[in-house]
K.L.:
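I have a structure here, written as C-alpha coordinates, and I will follow up with some questions on it.
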Amino acid sequence: MTYRNRPLVQRLIEFNEKNPVSFHVPGHKYGKLSGLPSEIQSALAFDLTELNGLDDLHEPEEVIAEAQKKLSNLYQADASYFLVNGSTVGNLAMIYATCQAGDTVIVQRNAHKSIFNALELVGAKPVLITPKWDEMTGSIGVIEVGQVKCAFDLYPEAKAVILTYPTYFGVAGEGLKDIIALSHTNDVPVLVDEAHGAHFVIGDPFPKSALELGADVVVHSAHKTLPAMTMASFLHVNSSLVCPKRVSKYLQMLQSSSPSYLLMASLDDARAYVESYTKEEVGSFLEKRLHFIQQLKYIPGIQVIESEDPLKLMIRATSYTGFQLIEALEIQGVYAELADPYQVLLVLPLLKKEQKYNDKDLYKKFEQAIAWLIKHEERTEKLLLPNLTNEIAELCYNRDELEQFKIDWLDYEQAIGKVAADSVIPYPPGIPLVLAGERVKEEAVQLLKELTKMKASFQGSICTKENQILVVTNELGE
(Lines give C-alpha, C1' and ligand atoms only; values in the text may rest on other atoms or scores of the structure.)
Protein backbone atom coordinates (compact mmCIF):
# COMPACT_ATOMS: atom_id res chain seq x y z
CA MET A 1 0.00 0.00 0.00
CA THR A 2 1.29 3.45 -0.88
CA TYR A 3 1.04 6.34 1.57
CA ARG A 4 1.96 9.09 -0.88
CA ASN A 5 -1.49 10.62 -0.55
CA ARG A 6 -1.16 10.54 3.25
CA PRO A 7 1.60 13.06 3.93
CA LEU A 8 1.58 12.80 7.71
CA VAL A 9 1.44 9.00 7.68
CA GLN A 10 4.33 8.93 5.22
CA ARG A 11 6.41 11.32 7.33
CA LEU A 12 5.93 9.20 10.46
CA ILE A 13 7.02 6.08 8.58
CA GLU A 14 10.11 7.85 7.27
CA PHE A 15 10.98 9.07 10.76
CA ASN A 16 10.61 5.59 12.22
CA GLU A 17 12.82 4.07 9.51
CA LYS A 18 15.73 6.17 10.79
CA ASN A 19 15.80 4.06 14.00
CA PRO A 20 15.80 7.22 16.15
CA VAL A 21 16.97 7.35 19.77
CA SER A 22 14.57 9.09 22.13
CA PHE A 23 15.66 11.60 24.76
CA HIS A 24 12.30 13.37 24.51
CA VAL A 25 8.74 12.79 25.67
CA PRO A 26 6.65 10.61 25.72
CA GLY A 27 8.26 8.49 28.40
CA HIS A 28 7.52 5.11 26.82
CA LYS A 29 10.46 5.82 24.39
CA TYR A 30 8.86 4.54 21.18
CA GLY A 31 7.15 1.78 23.16
CA LYS A 32 10.39 0.22 24.50
CA LEU A 33 9.42 0.86 28.14
CA SER A 34 5.78 -0.03 27.72
CA GLY A 35 4.26 -3.04 29.42
CA LEU A 36 1.28 -3.05 27.09
CA PRO A 37 0.49 -6.11 24.98
CA SER A 38 2.74 -6.35 21.91
CA GLU A 39 -0.18 -5.64 19.56
CA ILE A 40 -0.63 -2.21 21.20
CA GLN A 41 3.03 -1.62 21.96
CA SER A 42 4.01 -1.71 18.29
CA ALA A 43 1.89 1.35 17.57
CA LEU A 44 3.80 3.38 20.17
CA ALA A 45 6.78 3.66 17.80
CA PHE A 46 4.64 6.27 16.01
CA ASP A 47 3.36 7.98 19.17
CA LEU A 48 5.63 10.98 18.73
CA THR A 49 5.79 14.62 19.67
CA GLU A 50 6.58 17.90 17.86
CA LEU A 51 10.04 16.93 16.64
CA ASN A 52 11.93 18.54 13.77
CA GLY A 53 10.19 17.59 10.53
CA LEU A 54 6.94 16.46 12.17
CA ASP A 55 5.32 19.92 12.30
CA ASP A 56 3.05 21.33 15.06
CA LEU A 57 -0.75 21.03 15.05
CA HIS A 58 -1.11 24.41 16.75
CA GLU A 59 1.17 26.23 14.29
CA PRO A 60 1.16 23.98 11.22
CA GLU A 61 3.54 24.99 8.44
CA GLU A 62 4.75 21.72 6.95
CA VAL A 63 3.38 18.18 6.83
CA ILE A 64 0.33 18.78 9.07
CA ALA A 65 -0.50 21.91 7.10
CA GLU A 66 -0.28 19.84 3.91
CA ALA A 67 -2.54 17.13 5.35
CA GLN A 68 -5.12 19.69 6.50
CA LYS A 69 -5.02 21.39 3.10
CA LYS A 70 -5.86 18.07 1.44
CA LEU A 71 -8.77 17.80 3.89
CA SER A 72 -10.14 21.26 3.07
CA ASN A 73 -9.80 20.57 -0.65
CA LEU A 74 -11.81 17.36 -0.32
CA TYR A 75 -14.63 19.01 1.64
CA GLN A 76 -14.37 22.28 -0.34
CA ALA A 77 -13.96 24.37 2.81
CA ASP A 78 -12.08 27.61 3.39
CA ALA A 79 -10.19 25.90 6.21
CA SER A 80 -10.23 22.45 7.80
CA TYR A 81 -8.67 21.28 11.04
CA PHE A 82 -7.65 18.01 12.68
CA LEU A 83 -9.31 17.48 16.06
CA VAL A 84 -7.66 15.21 18.63
CA ASN A 85 -10.18 15.87 21.42
CA GLY A 86 -13.20 14.51 19.55
CA SER A 87 -16.09 16.39 18.00
CA THR A 88 -16.69 17.76 21.49
CA VAL A 89 -13.79 20.20 21.10
CA GLY A 90 -15.04 21.15 17.63
CA ASN A 91 -18.47 21.98 19.03
CA LEU A 92 -16.87 23.99 21.81
CA ALA A 93 -14.62 25.92 19.43
CA MET A 94 -17.31 26.80 16.90
CA ILE A 95 -19.60 28.10 19.65
CA TYR A 96 -16.85 30.08 21.38
CA ALA A 97 -15.91 31.59 18.01
CA THR A 98 -19.45 32.79 17.23
CA CYS A 99 -21.23 33.39 20.55
CA GLN A 100 -20.70 35.60 23.57
CA ALA A 101 -22.18 35.74 27.05
CA GLY A 102 -25.81 36.81 26.91
CA ASP A 103 -26.26 36.06 23.21
CA THR A 104 -29.48 34.37 22.13
CA VAL A 105 -28.81 31.21 20.13
CA ILE A 106 -31.33 29.00 18.31
CA VAL A 107 -30.58 25.35 19.08
CA GLN A 108 -32.05 22.04 18.00
CA ARG A 109 -33.49 20.42 21.16
CA ASN A 110 -32.01 16.98 20.41
CA ALA A 111 -28.45 18.26 20.18
CA HIS A 112 -25.56 16.40 21.77
CA LYS A 113 -24.67 17.26 25.35
CA SER A 114 -21.41 18.88 24.18
CA ILE A 115 -23.46 21.61 22.45
CA PHE A 116 -25.29 22.46 25.66
CA ASN A 117 -22.06 22.28 27.66
CA ALA A 118 -20.47 24.74 25.24
CA LEU A 119 -23.41 27.17 25.51
CA GLU A 120 -23.23 26.96 29.28
CA LEU A 121 -19.50 27.67 29.30
CA VAL A 122 -19.90 30.63 26.95
CA GLY A 123 -22.92 31.96 28.83
CA ALA A 124 -25.19 32.09 25.77
CA LYS A 125 -28.96 31.78 26.09
CA PRO A 126 -30.35 28.83 24.10
CA VAL A 127 -33.75 28.97 22.43
CA LEU A 128 -34.77 25.34 21.99
CA ILE A 129 -36.62 23.96 18.98
CA THR A 130 -38.02 20.46 19.43
CA PRO A 131 -38.11 18.46 16.18
CA LYS A 132 -41.04 16.36 15.14
CA TRP A 133 -41.08 12.61 15.70
CA ASP A 134 -39.73 10.48 12.86
CA GLU A 135 -42.10 7.54 12.50
CA MET A 136 -39.82 5.47 10.28
CA THR A 137 -36.92 5.27 12.71
CA GLY A 138 -38.95 5.66 15.90
CA SER A 139 -36.81 8.57 17.03
CA ILE A 140 -36.76 12.36 17.26
CA GLY A 141 -36.09 13.77 13.79
CA VAL A 142 -34.86 17.06 12.38
CA ILE A 143 -36.31 20.55 12.65
CA GLU A 144 -38.12 22.26 9.77
CA VAL A 145 -37.60 25.67 8.21
CA GLY A 146 -40.97 26.88 9.48
CA GLN A 147 -39.89 26.23 13.05
CA VAL A 148 -36.70 28.23 12.54
CA LYS A 149 -38.63 31.08 10.92
CA CYS A 150 -40.94 31.18 13.93
CA ALA A 151 -37.91 31.26 16.23
CA PHE A 152 -36.41 34.20 14.30
CA ASP A 153 -39.76 36.03 14.53
CA LEU A 154 -39.79 35.54 18.30
CA TYR A 155 -36.05 36.12 18.79
CA PRO A 156 -34.77 38.43 16.02
CA GLU A 157 -31.65 39.10 18.11
CA ALA A 158 -30.44 35.50 17.65
CA LYS A 159 -26.70 35.33 16.86
CA ALA A 160 -26.39 31.71 15.65
CA VAL A 161 -28.37 28.65 14.63
CA ILE A 162 -26.96 25.35 15.89
CA LEU A 163 -28.19 22.15 14.29
CA THR A 164 -27.56 18.41 14.42
CA TYR A 165 -27.47 16.75 11.00
CA PRO A 166 -28.09 13.91 10.44
CA THR A 167 -29.63 12.49 13.59
CA TYR A 168 -27.94 9.56 15.32
CA PHE A 169 -30.34 7.29 13.42
CA GLY A 170 -29.45 8.72 10.02
CA VAL A 171 -32.42 11.04 9.50
CA ALA A 172 -31.43 13.99 7.30
CA GLY A 173 -34.73 15.46 6.12
CA GLU A 174 -35.07 17.97 3.31
CA GLY A 175 -35.09 21.30 5.10
CA LEU A 176 -31.46 22.05 5.94
CA LYS A 177 -30.71 24.01 2.76
CA ASP A 178 -33.72 26.27 3.35
CA ILE A 179 -32.83 26.73 7.03
CA ILE A 180 -29.32 27.82 6.06
CA ALA A 181 -30.67 30.23 3.42
CA LEU A 182 -33.13 31.72 5.92
CA SER A 183 -30.42 32.16 8.55
CA HIS A 184 -28.04 33.80 6.08
CA THR A 185 -30.82 36.22 5.09
CA ASN A 186 -30.68 37.30 8.72
CA ASP A 187 -26.84 37.42 8.64
CA VAL A 188 -26.79 34.58 11.16
CA PRO A 189 -24.25 31.73 10.82
CA VAL A 190 -25.35 28.09 10.90
CA LEU A 191 -23.19 25.75 12.95
CA VAL A 192 -23.72 22.05 12.28
CA ASP A 193 -22.76 19.09 14.42
CA GLU A 194 -22.49 16.60 11.54
CA ALA A 195 -20.79 13.98 13.69
CA HIS A 196 -22.34 11.10 11.80
CA GLY A 197 -21.89 12.52 8.29
CA ALA A 198 -18.18 12.60 7.50
CA HIS A 199 -18.84 10.11 4.68
CA PHE A 200 -21.51 12.27 3.00
CA VAL A 201 -18.76 13.81 0.87
CA ILE A 202 -18.92 10.62 -1.21
CA GLY A 203 -22.24 11.79 -2.67
CA ASP A 204 -25.12 9.57 -3.80
CA PRO A 205 -26.64 7.48 -2.29
CA PHE A 206 -25.69 9.29 0.90
CA PRO A 207 -27.40 12.54 1.93
CA LYS A 208 -25.81 15.86 0.99
CA SER A 209 -23.28 17.24 3.44
CA ALA A 210 -24.17 20.36 5.41
CA LEU A 211 -21.07 21.95 3.86
CA GLU A 212 -22.45 21.39 0.37
CA LEU A 213 -25.76 22.90 1.53
CA GLY A 214 -24.02 26.08 2.71
CA ALA A 215 -23.41 25.66 6.45
CA ASP A 216 -20.79 27.98 7.96
CA VAL A 217 -19.04 25.61 10.37
CA VAL A 218 -19.33 21.82 10.33
CA VAL A 219 -17.86 19.26 12.73
CA HIS A 220 -17.30 15.64 11.69
CA SER A 221 -16.59 12.67 13.93
CA ALA A 222 -14.29 10.92 11.49
CA HIS A 223 -14.06 8.01 13.90
CA LYS A 224 -17.80 7.29 13.68
CA THR A 225 -18.17 6.40 10.01
CA LEU A 226 -14.64 6.66 8.57
CA PRO A 227 -11.69 4.43 9.58
CA ALA A 228 -10.19 6.88 12.08
CA MET A 229 -9.30 6.23 15.70
CA THR A 230 -11.68 7.10 18.52
CA MET A 231 -11.58 10.87 19.30
CA ALA A 232 -10.26 11.70 15.83
CA SER A 233 -12.48 14.34 14.20
CA PHE A 234 -12.57 17.16 11.64
CA LEU A 235 -13.75 20.77 11.77
CA HIS A 236 -14.46 22.81 8.63
CA VAL A 237 -15.13 26.52 8.14
CA ASN A 238 -16.70 27.75 4.90
CA SER A 239 -18.19 31.13 5.63
CA SER A 240 -18.19 34.88 5.18
CA LEU A 241 -19.82 35.17 8.63
CA VAL A 242 -17.31 33.15 10.67
CA CYS A 243 -13.58 33.88 10.67
CA PRO A 244 -11.37 30.76 10.45
CA LYS A 245 -8.66 32.50 12.48
CA ARG A 246 -11.10 32.95 15.34
CA VAL A 247 -12.02 29.26 15.23
CA SER A 248 -8.32 28.37 15.11
CA LYS A 249 -7.68 30.57 18.15
CA TYR A 250 -10.16 28.63 20.26
CA LEU A 251 -8.94 25.28 18.98
CA GLN A 252 -5.46 26.22 20.21
CA MET A 253 -6.92 27.10 23.60
CA LEU A 254 -9.20 24.08 23.95
CA GLN A 255 -7.22 21.24 22.36
CA SER A 256 -4.41 19.40 24.07
CA SER A 257 -1.01 21.10 23.81
CA SER A 258 0.39 17.58 23.27
CA PRO A 259 -1.71 16.32 20.36
CA SER A 260 -1.51 12.63 19.51
CA TYR A 261 0.30 11.90 16.26
CA LEU A 262 -1.44 8.53 16.15
CA LEU A 263 -4.82 10.28 16.08
CA MET A 264 -3.63 12.79 13.48
CA ALA A 265 -2.19 10.01 11.31
CA SER A 266 -5.52 8.18 11.48
CA LEU A 267 -7.25 11.39 10.33
CA ASP A 268 -4.85 11.70 7.42
CA ASP A 269 -5.59 8.09 6.54
CA ALA A 270 -9.38 8.49 6.94
CA ARG A 271 -9.37 11.48 4.58
CA ALA A 272 -7.44 9.51 1.98
CA TYR A 273 -9.82 6.56 2.43
CA VAL A 274 -12.98 8.52 1.73
CA GLU A 275 -11.31 10.61 -0.98
CA SER A 276 -10.49 7.43 -2.92
CA TYR A 277 -14.01 6.03 -2.58
CA THR A 278 -15.13 5.57 -6.18
CA LYS A 279 -18.52 4.93 -7.79
CA GLU A 280 -17.42 1.32 -8.16
CA GLU A 281 -16.79 1.20 -4.40
CA VAL A 282 -20.28 2.63 -3.79
CA GLY A 283 -21.84 -0.04 -5.97
CA SER A 284 -19.94 -2.77 -4.17
CA PHE A 285 -20.93 -1.39 -0.76
CA LEU A 286 -24.61 -1.26 -1.72
CA GLU A 287 -24.49 -4.82 -3.03
CA LYS A 288 -22.96 -6.13 0.20
CA ARG A 289 -25.42 -4.10 2.26
CA LEU A 290 -28.39 -5.46 0.33
CA HIS A 291 -27.18 -9.03 0.83
CA PHE A 292 -26.81 -8.40 4.58
CA ILE A 293 -30.33 -6.96 4.83
CA GLN A 294 -31.85 -9.81 2.83
CA GLN A 295 -30.18 -12.40 5.03
CA LEU A 296 -31.46 -10.69 8.18
CA LYS A 297 -35.00 -10.55 6.80
CA TYR A 298 -35.00 -14.34 6.39
CA ILE A 299 -34.73 -14.69 10.17
CA PRO A 300 -38.22 -15.05 11.77
CA GLY A 301 -38.93 -12.34 14.33
CA ILE A 302 -36.51 -9.75 12.93
CA GLN A 303 -37.51 -6.46 11.31
CA VAL A 304 -34.98 -4.32 9.43
CA ILE A 305 -35.62 -0.57 9.23
CA GLU A 306 -33.58 1.40 6.71
CA SER A 307 -32.61 5.04 7.13
CA GLU A 308 -31.79 7.92 4.79
CA ASP A 309 -28.14 7.19 5.51
CA PRO A 310 -27.32 3.75 4.07
CA LEU A 311 -24.69 3.24 6.80
CA LYS A 312 -27.43 3.07 9.45
CA LEU A 313 -29.79 0.14 10.04
CA MET A 314 -32.32 -0.35 12.82
CA ILE A 315 -32.99 -3.94 13.87
CA ARG A 316 -36.17 -4.79 15.78
CA ALA A 317 -37.22 -8.04 17.39
CA THR A 318 -40.97 -8.60 17.37
CA SER A 319 -42.43 -8.24 20.88
CA TYR A 320 -39.10 -7.32 22.47
CA THR A 321 -37.41 -4.02 23.31
CA GLY A 322 -34.14 -2.87 21.85
CA PHE A 323 -32.57 -3.24 25.31
CA GLN A 324 -33.55 -6.92 25.38
CA LEU A 325 -32.27 -7.45 21.84
CA ILE A 326 -28.90 -5.80 22.43
CA GLU A 327 -28.30 -8.05 25.45
CA ALA A 328 -29.14 -11.12 23.37
CA LEU A 329 -26.80 -10.00 20.58
CA GLU A 330 -23.93 -9.31 22.98
CA ILE A 331 -24.25 -12.84 24.38
CA GLN A 332 -23.54 -13.97 20.81
CA GLY A 333 -20.58 -11.59 20.52
CA VAL A 334 -22.37 -9.05 18.30
CA TYR A 335 -22.15 -5.45 19.55
CA ALA A 336 -24.52 -2.79 18.23
CA GLU A 337 -24.08 0.98 18.52
CA LEU A 338 -26.98 1.52 20.90
CA ALA A 339 -30.41 0.34 21.98
CA ASP A 340 -33.64 2.18 22.64
CA PRO A 341 -37.15 1.00 23.56
CA TYR A 342 -37.87 -0.04 19.98
CA GLN A 343 -34.67 -1.30 18.37
CA VAL A 344 -30.91 -1.55 18.17
CA LEU A 345 -28.91 0.67 15.84
CA LEU A 346 -26.21 -0.80 13.62
CA VAL A 347 -23.50 1.37 12.07
CA LEU A 348 -22.36 -0.53 8.99
CA PRO A 349 -18.73 -0.52 7.84
CA LEU A 350 -17.97 1.66 4.82
CA LEU A 351 -16.47 -1.24 2.89
CA LYS A 352 -14.46 -0.96 -0.29
CA LYS A 353 -14.69 -3.48 -3.11
CA GLU A 354 -11.89 -5.76 -1.95
CA GLN A 355 -12.89 -5.73 1.72
CA LYS A 356 -14.98 -8.21 3.68
CA TYR A 357 -16.30 -7.64 7.17
CA ASN A 358 -19.04 -10.06 8.14
CA ASP A 359 -17.95 -13.51 9.22
CA LYS A 360 -19.79 -16.55 7.87
CA ASP A 361 -21.54 -17.21 11.18
CA LEU A 362 -22.95 -13.70 11.54
CA TYR A 363 -26.51 -14.54 10.48
CA LYS A 364 -26.47 -17.61 12.70
CA LYS A 365 -25.56 -15.33 15.61
CA PHE A 366 -28.62 -13.17 14.92
CA GLU A 367 -30.76 -16.32 14.77
CA GLN A 368 -29.32 -17.51 18.06
CA ALA A 369 -29.96 -14.11 19.63
CA ILE A 370 -33.66 -14.34 18.71
CA ALA A 371 -33.79 -17.90 20.06
CA TRP A 372 -32.21 -16.70 23.32
CA LEU A 373 -34.79 -13.91 23.61
CA ILE A 374 -37.68 -16.31 23.20
CA LYS A 375 -36.26 -18.63 25.84
CA HIS A 376 -35.11 -16.12 28.45
CA GLU A 377 -37.00 -12.82 28.10
CA GLU A 378 -40.60 -11.81 28.63
CA ARG A 379 -42.44 -10.44 25.64
CA THR A 380 -43.60 -6.83 25.78
CA GLU A 381 -46.58 -5.13 24.24
CA LYS A 382 -45.97 -2.56 21.54
CA LEU A 383 -44.65 0.55 23.21
CA LEU A 384 -46.38 3.85 22.65
CA LEU A 385 -43.97 6.25 24.29
CA PRO A 386 -45.05 9.87 24.78
CA ASN A 387 -43.35 12.33 22.44
CA LEU A 388 -41.80 15.55 23.67
CA THR A 389 -43.97 18.51 22.74
CA ASN A 390 -43.03 20.30 19.53
CA GLU A 391 -42.37 23.81 20.73
CA ILE A 392 -39.96 26.73 20.91
CA ALA A 393 -38.85 27.36 24.47
CA GLU A 394 -36.18 28.91 26.67
CA LEU A 395 -34.56 27.55 29.80
CA CYS A 396 -36.03 28.89 33.00
CA TYR A 397 -32.62 29.57 34.55
CA ASN A 398 -28.99 29.43 33.49
CA ARG A 399 -26.35 27.57 35.49
CA ASP A 400 -25.31 30.60 37.58
CA GLU A 401 -28.91 31.26 38.52
CA LEU A 402 -29.46 27.61 39.42
CA GLU A 403 -26.62 27.76 41.92
CA GLN A 404 -28.59 30.30 43.98
CA PHE A 405 -31.39 27.82 44.68
CA LYS A 406 -31.76 24.92 47.06
CA ILE A 407 -31.81 21.60 45.30
CA ASP A 408 -32.85 18.10 46.34
CA TRP A 409 -33.59 14.64 44.98
CA LEU A 410 -37.28 14.05 44.23
CA ASP A 411 -39.16 11.08 42.81
CA TYR A 412 -39.84 11.29 39.09
CA GLU A 413 -43.52 12.09 39.55
CA GLN A 414 -42.84 14.73 42.20
CA ALA A 415 -40.38 16.40 39.85
CA ILE A 416 -43.06 17.26 37.29
CA GLY A 417 -43.38 21.04 37.09
CA LYS A 418 -40.11 21.59 38.98
CA VAL A 419 -36.96 22.98 37.39
CA ALA A 420 -34.19 20.43 36.79
CA ALA A 421 -31.02 21.29 38.70
CA ASP A 422 -28.91 19.21 36.32
CA SER A 423 -29.31 17.42 33.02
CA VAL A 424 -30.50 13.84 32.61
CA ILE A 425 -28.94 12.21 29.55
CA PRO A 426 -29.61 8.73 28.16
CA TYR A 427 -26.20 7.55 26.94
CA PRO A 428 -25.75 6.65 24.21
CA PRO A 429 -26.76 8.71 22.26
CA GLY A 430 -25.91 11.60 24.61
CA ILE A 431 -29.01 13.68 23.83
CA PRO A 432 -30.45 15.23 27.03
CA LEU A 433 -33.93 14.11 27.98
CA VAL A 434 -34.05 16.88 30.61
CA LEU A 435 -31.78 19.93 30.53
CA ALA A 436 -30.42 21.77 33.54
CA GLY A 437 -32.62 24.84 34.04
CA GLU A 438 -35.54 23.32 32.15
CA ARG A 439 -38.96 22.75 33.69
CA VAL A 440 -39.64 19.02 33.92
CA LYS A 441 -42.60 18.02 31.77
CA GLU A 442 -44.94 15.11 32.35
CA GLU A 443 -44.10 13.48 29.00
CA ALA A 444 -40.38 13.63 29.86
CA VAL A 445 -41.06 11.88 33.15
CA GLN A 446 -43.11 9.18 31.42
CA LEU A 447 -40.21 8.57 29.04
CA LEU A 448 -37.81 8.54 31.96
CA LYS A 449 -39.91 5.95 33.81
CA GLU A 450 -40.06 3.67 30.77
CA LEU A 451 -36.34 3.98 30.08
CA THR A 452 -35.55 3.22 33.73
CA LYS A 453 -37.70 0.08 33.63
CA MET A 454 -35.79 -1.04 30.55
CA LYS A 455 -32.47 -0.50 32.33
CA ALA A 456 -31.25 2.20 29.98
CA SER A 457 -27.93 3.85 30.82
CA PHE A 458 -27.83 7.51 31.88
CA GLN A 459 -25.40 10.31 32.56
CA GLY A 460 -26.16 13.36 34.69
CA SER A 461 -28.01 13.73 37.99
CA ILE A 462 -30.28 10.74 38.12
CA CYS A 463 -30.63 7.90 40.60
CA THR A 464 -32.40 5.08 38.76
CA LYS A 465 -32.42 2.79 41.81
CA GLU A 466 -34.53 5.29 43.71
CA ASN A 467 -36.34 6.73 40.64
CA GLN A 468 -35.16 10.23 41.52
CA ILE A 469 -33.70 13.28 39.76
CA LEU A 470 -32.19 16.48 41.12
CA VAL A 471 -34.50 19.54 41.04
CA VAL A 472 -34.84 23.04 42.44
CA THR A 473 -36.93 23.05 45.63
CA ASN A 474 -37.17 26.73 46.57
CA GLU A 475 -38.09 28.46 43.34
CA LEU A 476 -39.78 31.83 43.70
CA GLY A 477 -43.40 31.39 44.71
CA GLU A 478 -42.83 28.06 46.44
Side-chain angles (χ1 to χ4, degrees), residues 110 133-141 166-171 196 224-225 285-286 288-351 357-388 425-431 433 443 446-458 464:
N110 56 329
W133 187 256
D134 183 72
E135 294 291 344
M136 178 65 73
T137 61
S139 63
I140 297 177
T167 71
Y168 213 120
F169 291 84
V171 179
H196 289 259
K224 293 191 184 299
T225 58
F285 163 76
L286 292 176
K288 293 170 184 174
R289 175 181 178 273
L290 178 60
H291 177 73
F292 179 56
I293 292 172
Q294 289 174 336
Q295 292 297 313
L296 289 180
K297 287 182 175 179
Y298 287 141
I299 302 172
I302 277 187
Q303 297 172 275
V304 181
I305 311 299
E306 299 183 50
S307 178
E308 293 175 71
D309 179 2
L311 276 192
K312 301 294 180 69
L313 286 181
M314 280 65 69
I315 309 297
R316 298 175 184 171
T318 305
S319 301
Y320 295 98
T321 69
F323 299 108
Q324 291 172 308
L325 177 56
I326 201 169
E327 180 182 2
L329 287 170
E330 289 178 358
I331 288 172
Q332 304 302 324
V334 177
Y335 292 84
E337 174 67 12
L338 62 80
D340 69 14
Y342 299 107
Q343 60 215 341
V344 298
L345 173 66
L346 306 185
V347 181
L348 301 182
L350 188 65
L351 296 173
Y357 185 79
N358 299 332
D359 64 70
K360 61 182 179 180
D361 296 325
L362 182 60
Y363 308 112
K364 186 176 181 180
K365 290 177 179 179
F366 275 88
E367 286 180 329
Q368 291 172 336
I370 296 298
W372 186 91
L373 276 177
I374 294 171
K375 184 176 181 180
H376 294 92
E377 293 285 346
E378 292 185 7
R379 292 178 177 268
T380 60
E381 296 182 4
K382 184 177 180 180
L383 296 168
L384 295 174
L385 298 178
N387 297 336
L388 297 177
I425 309 168
Y427 206 93
I431 296 168
L433 179 59
E443 55 263 37
Q446 294 307 312
L447 275 169
L448 192 54
K449 288 164 64 177
E450 293 295 335
L451 290 171
T452 301
K453 286 179 186 177
M454 297 172 193
K455 299 180 181 179
S457 298
F458 293 91
T464 55

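All residue numbers refer to positions in the sequence shown, counting from 1. All values below come from the heavy atoms of this structure, side chains included, with hydrogens, waters and symmetry mates left out. Only a predicted model underlies this, so the values are computations on that prediction, with no experimental measurement involved.
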K.L.:
To the closest 0.5 Å, what do you measure between CG (L296) and CD (Q303)?
P.N.:
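It comes to 12.5 Å.
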K.L.:
So which of E337, K224, H196 actually passes side-chain hydrogen bond (donor to acceptor under 3.5 Å, both in side chains) with Y168?
P.N.:
E337
K.L.:
Using a 6.0 Å cut-off, check whether atom CD of E378 has over 12 heavy atoms from anything other than its own residue.
P.N.:
no
K.L.:
Using the rule given for side-chain contact (heavy atoms from CB on, under 4.5 Å), can you reason through I140 versus T167, listing the C-alpha separation, both sets of side-chain angles and the distance that settles it, and then say yes or no?
P.N.:
CA-CA 8 Å; I140 297 177; T167 71; over 6 Å; no
K.L.:
If you look at every heavy atom in S307 and F169, which pair is closest and at what distance?
P.N.:
OG-O, 2.7 Å
K.L.:
How close do L373 and A328 get, counting heavy atoms only, and between which atoms?
P.N.:
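So the minimum-distance heavy-atom pair works out to CG-CB, 3.8 Å.
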K.L.:
Would a 4.5 Å heavy-atom cut-off, applied to side chains only, mark T464 and F458 as touching?
P.N.:
yes
K.L.:
What pair of heavy atoms forms the shortest contact from G430 to Y427, and how long is it?
P.N.:
CA-CD1, 3.2 Å
K.L.:
Quick check: does any side chain N or O of Q368 sit under 3.5 Å from a backbone N or O of I331, one acting as donor and the other as acceptor?
P.N.:
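The answer is no, because no donor-acceptor pair under 3.5 Å joins these two groups.
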K.L.:
Between atom CZ of F285 and atom CG of L348, what is the distance when rounded to the nearest 0.5 Å?
P.N.:
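F285 atom CZ to L348 atom CG measures 5.5 Å (nearest 0.5 Å).
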K.L.:
Spell out, as yes or no, whether a donor-acceptor pair under 3.5 Å connects the side chain of K312 to the backbone of L345.
P.N.:
no
K.L.:
Is there a side-chain contact between E327 and E377, using heavy atoms and a 4.5 Å cut-off?
P.N.:
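Counting from C-beta outward, E327 and E377 do come under 4.5 Å.
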K.L.:
Who pairs with E330 by salt bridge (Lys or Arg N to Asp or Glu O under 4.0 Å), at least two apart in sequence or on another chain?
P.N.:
none
K.L.:
side-chain contact (heavy atoms from CB on, under 4.5 Å) for I315 and L325? Distances and angles first, verdict last.
P.N.:
CA-CA 9 Å; I315 309 297; L325 177 56; 4.1 Å; yes
K.L.:
Atom CG of L351 and atom CG of L286: how far apart are they, to the nearest 0.5 Å?
P.N.:
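These two atoms lie 11.0 Å from each other.
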K.L.:
Is D340 reaching over with its side chain to a backbone N or O of G322, donor-acceptor style, under 3.5 angstrom?
P.N.:
no
K.L.:
Evaluate T225 against L350 for side-chain contact (heavy atoms from CB on, under 4.5 Å), listing each step before the verdict.
P.N.:
CA-CA 7 Å; T225 58; L350 188 65; over 6 Å; no
K.L.:
Using salt bridge (Lys or Arg N to Asp or Glu O under 4.0 Å), reason through R289 and E306 one step at a time and then give a plain yes or no.
P.N.:
CA-CA 11 Å; R289 175 181 178 273; E306 299 183 50; 3.0 Å; yes
K.L.:
Which heavy-atom pair separates Y342 from R316 by the least distance, and what is that distance?
P.N.:
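What the structure gives for the nearest pair is O-CG, 3.3 Å.
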K.L.:
Report the residue from L338, V344, L451 that forms a side chain to side chain contact (heavy atoms under 4.5 Å, CB included) with F323.
P.N.:
L451
K.L.:
If you look at every heavy atom in M136 and I305, which pair is closest and at what distance?
P.N.:
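Smallest heavy-atom distance, with atoms named: O-CG2, 3.2 Å.
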K.L.:
For the residue pair F292 and F366, categorise the inter-ring angle as parallel (less than 30°), tilted (30 to 60°) or perpendicular (more than 60°).
P.N.:
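The rings of F292 and F366 stand perpendicular, inter-plane angle above 60°.
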K.L.:
Calculate, to the nearest 0.5 Å, the distance between atoms CD and CG belonging to Q295 and L290 respectively.
P.N.:
10.0 Å
K.L.:
Measure the CE-OG1 distance between M454 and T380 for me, rounded to the nearest 0.5 Å.
P.N.:
7.0 Å
K.L.:
Looking at G141 and N110, what are the two nearest heavy atoms and their distance?
P.N.:
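Closest approach of G141 to N110, heavy atoms only: O-ND2, 3.2 Å.
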K.L.:
Just to verify, what does H291 make a ring pair (Phe, Tyr, Trp, His ring centres under 6.0 Å) with, not counting sequence neighbours?
P.N.:
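Listed in chain order: nothing, the list is empty.
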